[in-house]
Each structure stands twice: as structure tokens, then as C-alpha cells.
Amino acid sequence: MTDAPRFARRGTTAEVEGGLRLQPRFDADGLIPAIVTDAASGEVLMLAYMNAEALHLTINSRIGHFWSRSRGRLWKKGEESGNVLRVSEMRTDCDQDALWLKVVVEGDGIACHTGARSCFYRALVPGGEPPDVVLHRVSTLP
């Protein structure tokens, strides 16, 4: 990562929680989680992570950019598949250590690399004991 963009320095709790300046808190690895939902339906599509550069690019371009922990690099969602995330709204939580992106998925409308619309296509069945917790599909893969 080269010359990461600098965001406002974190202020007091009152400034972070009540102020109107973005003061993101990145974790020890320089990442902040980003929850991505469909702008129209509210469906949760994915959870990804952003570093300062990805956050900066997303804010400026209104296209979802993330830090791939598995690839160890910056990536624009949809760069290979064409399923680009066009950001219609971005929010941060109260202490600015998580982000929420409301998006329109371009291309085929698929957000997950498995081909599912959402990365959250399985539900946990309550009552199981690890390691035998059961999952069931709540949506089908194309």
C-alpha cells in the first residue's frame, strides 16, 4: 500500500460519536469492516474489509473497493465478474469502527464469488453443539 490517505485524527468520544467529521477507527491490521446491503431491498449482501485506500477510493468513486485479506491486495468488487457495487449511501456506526454501504449491484446482480446473490445464503440451525452445528440453505446458487 502506498501513501495511504489520511482521514481526520480521532478526537474525543463526544467528537467521534456526535461530530460530523469522518474519523474512522481501523483495527491493528489497518482495516475497518464494511457491511454491504442492497439499496432497494435492504438484503445483506456481504461483509468485507476496507483499508484507508479502499475507503478513500469508495468515497471518491462511489464504487465499492475493499482490501482482500486472502489476496493481500486492494480490489474493486466486480473487477472480474462485472458485478460492480455502485454505492448509493455510506454510513458509519456510533464509534466509527464499522461502515455500512447501501449499493446497487450492476452486472448480473450477484454479490458473492460463489454465484449466490448474497454471501449469506446459509442459516445456522439453533440448538446444535459444536462441532455439529447444522446449516441450511436459505437461497439457491444459480
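On a predicted model such as this, the values are computed, not experimentally measured, just so you know. The first residue in the sequence is number 1, and the count goes up from there.
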**Student:** Return a table of donor-acceptor pairs under 3.5 angstrom between the side chains of residues 104-111 and protein atoms on other chains or two or more places apart.
**Tutor:**
{"from": "Glu106", "atom 1": "OE2", "to": "Arg86", "atom 2": "NE", "distance (Å)": "2.6"}
{"from": "Glu106", "atom 1": "OE2", "to": "Arg86", "atom 2": "NH2", "distance (Å)": "3.2"}

**Student:** Could you go step by step and tell me if Trp100 and Asp93 meet the side chain to side chain contact (heavy atoms under 4.5 Å, CB included) rule?
**Tutor:** CA-CA 8 Å; Trp100 175 15; Asp93 70 335; over 6 Å; no

**Student:** Run Lys77 and Val36 through side chain to side chain contact (heavy atoms under 4.5 Å, CB included) and show every step you take.
**Tutor:** CA-CA 11 Å; Lys77 178 68 174 139; Val36 180; over 6 Å; no

**Student:** I'd like to know whether Leu85 forms a side chain to side chain contact (heavy atoms under 4.5 Å, CB included) with Met46, so could you lay out the CA-CA distance, the side-chain angles of the two residues, the decisive distance to 0.1 Å, and finally the verdict.
**Tutor:** CA-CA 11 Å; Leu85 303 180; Met46 59 184 273; 3.9 Å; yes

**Student:** Output yes when a side-chain donor or acceptor of Gln23 lies under 3.5 Å from a complementary backbone atom of Gly11, and no otherwise.
**Tutor:**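 Indeed, once roles are kept as given, a pair shorter than 3.5 Å links the two residues.
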
**Student:** Quick one, Glu15 and Arg21 - any side-chain contact, counting heavy atoms below 4.5 Å?
**Tutor:**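 SC-SC contact between Glu15 and Arg21 ruled out.
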
**Student:** State, to 0.1 Å, how close Arg25 and Asp95 come at their nearest heavy-atom pair, and which atoms those are.
**Tutor:**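 Looks like NH2-OD2, 3.2 Å.
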
**Student:** With rounding to the nearest 0.5 angstrom, report the CG to CD1 distance, Leu101 to Ile63.
**Tutor:**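 CD1 of Ile63 is found 11.0 Å from CG of Leu101.
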
**Student:** Taking all non-hydrogen atoms of both residues, which atom of Tyr121 and which atom of Cys112 are closest, and how far apart?
**Tutor:**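 Minimum heavy-atom contact is CE2-SG, 4.2 Å.
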
**Student:** Check whether Arg62 reaches the backbone of Ser88 with its side chain - one donor and one acceptor, N or O, closer than 3.5 Å.
**Tutor:**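 Yes; at least one donor-acceptor contact below 3.5 Å.
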
**Student:** Of Leu74, Leu99, Ile59, Leu57, which is the lone residue that meets side-chain contact (heavy atoms from CB on, under 4.5 Å) with Met50?
**Tutor:**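 Considering Leu74, Leu99, Ile59, Leu57, a side-chain contact (heavy atoms from CB on, under 4.5 Å) with Met50 is found only for Leu99.
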
**Student:** Does Ile35 share a hydrophobic cluster with Val103, counting links as ILVMFWY side-chain heavy atoms below 4.5 Å and allowing steps through other members?
**Tutor:**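 Not linked; separate clusters.
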
**Student:** Could you check Trp67, Phe66, Phe7 and say which one makes a side-chain contact (heavy atoms from CB on, under 4.5 Å) with Leu55?
**Tutor:**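 Exactly one option meets the side-chain contact (heavy atoms from CB on, under 4.5 Å) with Leu55, and it is Phe7.
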
**Student:** Please identify each residue that fulfils salt bridge (Lys or Arg N to Asp or Glu O under 4.0 Å) with Glu43, with sequence neighbours left out.
**Tutor:**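 Glu43 satisfies salt bridge (Lys or Arg N to Asp or Glu O under 4.0 Å) with Arg117 once adjacent residues are dropped.
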
**Student:** Which pair of non-hydrogen atoms, one from Pro126 and one from Leu124, has the smallest distance, and what is that distance?
**Tutor:**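 Heavy-atom minimum between the residues: CD-O, 3.4 Å.
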
**Student:** Do you know the tightest heavy-atom contact between Thr92 and Ala98?
**Tutor:**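 Looking at all heavy atoms of both residues, the shortest contact is OG1-O, 3.1 Å.
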
**Student:** Taking Arg73's backbone N and O only, do any of them form a donor-acceptor pair with Ser68's side chain (distance below 3.5 Å, no angle check)?
**Tutor:**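 Such a contact is absent between Ser68 side chain and Arg73 backbone.
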
**Student:** Using every non-hydrogen atom in the two residues, find where Ser41 and Asp38 come nearest and quote the distance to one decimal.
**Tutor:**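 Residues Ser41 and Asp38, closest heavy atoms: N-OD1, 2.7 Å.
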
**Student:** With side chains defined as the heavy atoms from C-beta onward, is the minimum distance between Phe120 and Leu47 less than 4.5 Å?
**Tutor:**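 With C-beta onward as the side chain, the pair touches.
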
**Student:** Measure the NE2-CG distance between His56 and Leu22 for me, rounded to the nearest 0.5 Å.
**Tutor:**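 That separation rounds to 11.0 Å.
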
**Student:** Rounded at 0.5 Å granularity, tell me how far CE in Met90 sits from NZ in Lys102.
**Tutor:**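 Atom-to-atom, Met90:CE and Lys102:NZ are 13.0 Å apart.
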
**Student:** Less than 4.5 Å apart, any side-chain heavy atom of Glu53 and any of His65?
**Tutor:**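 Answer no - side chains too far apart.
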
